[in-house]
There are 2 protein chains.
Amino acid sequence: MARWDSLEQEQCSVARTVAVIGDRWSVLILRDCFLRVRRFEEFQSRLGAPRHILADRLKKLVHFGVLRRAPYQDKPARYEYILTQKGLDLYPVMMAIVHWGDVHMVDERGRPLLHEHKNCGKVFDPVLVCSECGQPIRAKEVHVHAGPGAAEGAAEELAARASASPARSR
Amino acid sequence: MARWDSLEQEQCSVARTVAVIGDRWSVLILRDCFLRVRRFEEFQSRLGAPRHILADRLKKLVHFGVLRRAPYQDKPARYEYILTQKGLDLYPVMMAIVHWGDVHMVDERGRPLLHEHKNCGKVFDPVLVCSECGQPIRAKEVHVHAGPGAAEGAAEELAARASASPARSR
DNA sequence: GCATATAGTTCGAAAATCGAACTGTCAATA
DNA sequence: TATTGACAGTTCGATTTTCGAACTATATGC
């Protein structure tokens with residue numbers, strides 16, 4: 001992953017997130033974390049991943065503060081991997097991924113899992129809404145600005161791109 | 001990607017989504033798509049990806065119906081890559097990724113990009129809410145059931161896991 | 001005839017991943 | 001006491017992917 005370390009430095013929140021969870025095993029590990037899997041052997045048997053790859057990914061997720069490695073017994077020392085708050089904050093990413101898969105990738109048998117919101121007691125879908133007005137968000141209703149951490153020239157480039165080619169020709 | 005083709009077959013919406021967008025370049029390509037990039041050369045110069053890898057990923061995204069390859073001129077024939085509805089539906093995934101990066105991976109200079117909701121005119125954050133009651137969703141407030149497309153034994157396994165280890169010991 | 005633009009393809013070298021076997025610690029069993 | 005089993009990794013050679021650089025193909029403009 002030598003080349004990919006530079007992603008962390010990029011002036012882009014997608015790139016920086018991809019540096020953390022942008023490989024297949026990491027996403028699957030996190031899926032299992034949200035299903036309360038915590039131990040090496042259990043990750044391994046569920047995922048079928050090569051053991052050293054699993055060890056590497058767990059190490060990396062700990063390094064990035066997404067998981068923490070907590071002892072659950074001495075003699076012999078054993079550790080389990082638990083989501084930190086930073087890791088728990090990936091829940092919207094996971095749910096968005098699950099929902100897209102539920103809508104676009106299911107077979108004729110339907111969804112593998114259903115999600116029930118304990119607060120209201122109903123099976124639900126996750127919906128992405130605007131923090132300010134509460135309405136669902138669609139790509140075309142969003143305008144992108146350069147923020148304080150933008151790269152040089154990003155503002156101009158975004159402006160040019162926004163005016164070019166009016167959204168859709170056909 | 002020989003081994004990963006089997007992900008598509010798995011009884012899990014995360015795995016099936018990962019089969020489509022589960023590598024680094026694909027996510028970065030999609031980021032650029034949502035910023036209205038459409039042409040091979042522009043993807044290539046923005047991403048710096050090896051050209052054959054880019055070609056391969058674009059081919060795959062078209063194969064999965066996330067992008068379509070549309071001609072924009074004859075003589076010589078030239079094509080551009082445009083998000084389909086299936087691709088546009090990945091917007092919540094992208095926004096969730098961006099937001100996590102904004103919160104957890106920014107440097108001292110702040111967010112690279114700001115998102116303005118045209119409907120309400122404000123800079124916003126994406127929030128994941130319950131489709132049924134409209135409240136924001138947290139991982140601990142969700143109970144997972146086996147759905148109609150679940151694997152054999154999934155229901156029992158989930159039930160066992162839900163009762164085990166009451167959420168957090170320390 | 002030659003440079004430029006666009007969208008790829010080809011190829012050998014380098015890096016990541018693979019499966020299988022091995023290591024180390026300790027408890028329980030024979 | 002020797003052996004087996006559970007757990008959490010590490011090591012290793014073979015395979016697969018990715019990398020960077022060069023090359024191909026089509027057409028326009030000088």
Side-chain angles (χ1 to χ4, degrees), chain A residues 1-8 10 15 18-29 32-33 36-63 67-82 164-165, chain B residues 1-8 10 15 18-29 32-33 36-63 67-82 164-165:
Chain A
M1 220 141 291
R3 172 182 213 291
W4 290 102
D5 295 338
S6 62
L7 271 185
E8 257 183 282
E10 259 187 68
V18 162
V20 180
I21 59 160
D23 73 286
R24 294 157 133 95
W25 288 125
S26 294
V27 177
L28 297 177
I29 289 168
D32 279 3
C33 287
R36 299 174 202 280
V37 174
R38 293 180 177 180
R39 299 187 183 172
F40 189 93
E41 290 298 322
E42 197 173 3
F43 286 115
Q44 204 284 320
S45 68
R46 287 174 57 93
L47 299 174
R51 302 175 73 83
H52 60 301
I53 298 286
L54 176 58
D56 176 79
R57 294 302 188 279
L58 288 171
K59 209 168 289 179
K60 190 167 311 179
L61 290 169
V62 169
H63 166 75
L67 301 179
R68 67 194 167 89
R69 187 165 173 270
Y72 69 87
Q73 73 167 38
D74 298 340
K75 301 161 79 55
R78 293 280 184 263
Y79 301 89
E80 55 188 6
Y81 296 89
I82 301 182
S165 63
Chain B
M1 222 143 289
R3 172 182 213 291
W4 290 103
D5 295 340
S6 63
L7 270 185
E8 258 183 282
E10 258 186 68
V18 162
V20 181
I21 59 160
D23 73 286
R24 292 159 134 93
W25 289 125
S26 295
V27 177
L28 296 177
I29 289 167
D32 279 3
C33 288
R36 299 173 203 282
V37 174
R38 293 179 177 181
R39 298 188 184 171
F40 189 93
E41 290 297 322
E42 198 174 2
F43 285 115
Q44 203 283 320
S45 67
R46 286 174 58 93
L47 299 175
R51 302 177 73 84
H52 62 298
I53 297 286
L54 176 58
D56 175 79
R57 295 303 189 278
L58 288 170
K59 210 169 286 178
K60 190 167 311 180
L61 290 169
V62 169
H63 166 76
L67 300 179
R68 67 195 167 86
R69 185 165 174 272
Y72 69 87
Q73 73 168 38
D74 298 340
K75 303 162 79 52
R78 293 282 183 260
Y79 301 88
E80 55 188 5
Y81 296 90
I82 300 182
S165 61

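The analysis underlying the following values was restricted to heavy atoms, covering all of them including side chains, and did not include hydrogens, waters or symmetry mates. In what follows, chains carry the letters A, B, and so on, assigned in the order in which the sequence lines appear, proteins first and then strands, with residues in each chain numbered from 1.
- Taking a pair as Watson-Crick or G-U with both hydrogen-bonding distances under 3.5 Å, the stems of three or more pairs touching DNA chain D are C:1-30 with D:1-30.
- Close to C:dG8, at under 4.0 Å from its OP1 or OP2, lies a side-chain N or O of B:Arg69.
- Between atom CG of residue A:Leu61 and atom OH of residue A:Tyr81 there is a gap of 10.0 Å, rounded to the nearest 0.5 Å.
- The nearest whole Å value for the distance from the CG atom in A:Leu54 to the P atom in C:dT17 is 13 Å.
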Problem set entry | Stepwise side-chain contact (heavy atoms from CB on, under 4.5 Å) check, B:Glu10 with B:Leu7 | CA-CA 5 Å; B:Glu10 258 186 68; B:Leu7 270 185; 3.3 Å; yes

Problem set entry | Intermediate values then yes/no, side-chain contact (heavy atoms from CB on, under 4.5 Å), B:Val20 and B:Ser26 | CA-CA 8 Å; B:Val20 181; B:Ser26 295; over 6 Å; no

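- A salt bridge (charged side-chain N to carboxylate O under 4.0 Å, His left out) with B:Asp32 is found for exactly one of B:Arg57, B:Arg38, B:Arg46, namely B:Arg46.
- Between A:Arg78 and A:Glu41 there is no salt bridge, since no side-chain N of the basic residue sits under 4.0 Å from a carboxylate O of the acidic one.
- Of the inter-residue distances, the one linking A:Ile53 atom CD1 with A:Ile29 atom CD1 reads 10.0 Å to the nearest 0.5 angstrom.
- Per the geometry, CG belonging to A:Asp23 stands 15 Å off C1' belonging to C:dA15, to the nearest Å.
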Please write out the pairs of protein N or O atoms and N or O atoms of nucleotides 2-7 of chain D separated by less than 3.5 Å, giving the distance to one decimal.
residue: D:dC7; atom: O3'; partner: A:Tyr72; partner atom: OH; Å: 3.3
residue: D:dC7; atom: O2; partner: A:Arg78; partner atom: NH2; Å: 2.5

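- To the nearest angstrom, C1' of C:dT6 lies 18 Å from CZ of B:Arg46.
- Distance CG (B:Asp74) to C1' (D:dT26): 12 Å, rounded to an integer number of Å.
- Between the CZ atom of A:Arg38 and the P atom of D:dG9 there is a distance of 16 Å, given to the nearest Å.
- The separation between B:Lys60 atom NZ and C:dG8 atom P is 16 Å, rounded to whole Å.
- Of the residues listed (A:Arg69, A:Arg39, A:Arg68, A:Gln73), the one engaging A:Glu80 in a side chain to side chain donor-acceptor pair (under 3.5 Å) is A:Arg39, and it is the only one.
- At C:dA7, none of the side-chain N or O atoms of B:Lys59 fall inside 4.0 Å of OP1 or OP2 (strictly under the cut-off).
- Atom CD1 of A:Ile53 and atom C1' of D:dC12 are 13 Å apart (whole Å).
- Taking only side-chain nitrogens and oxygens, A:Trp25 comes nearer than 4.0 Å to OP1 or OP2 of C:dC18.
- Note that CD of B:Glu42 and CG of B:Leu47 are 10.0 Å apart. Values are rounded to the nearest 0.5 Å.
- Using a 4.0 Å heavy-atom distance criterion, A:Phe43 is classed as making no nucleic acid contact.
- Taking side-chain N and O atoms only, A:Arg24 has no distance below 4.0 Å to OP1 or OP2 of D:dT17.
- The distance from atom CG of A:Leu28 to atom CD1 of A:Ile21, rounded to the nearest 0.5 Å, is 11.5 Å.
- Going from atom NE2 of A:His52 over to atom P of C:dT23 covers 17 Å, rounded to whole Å.
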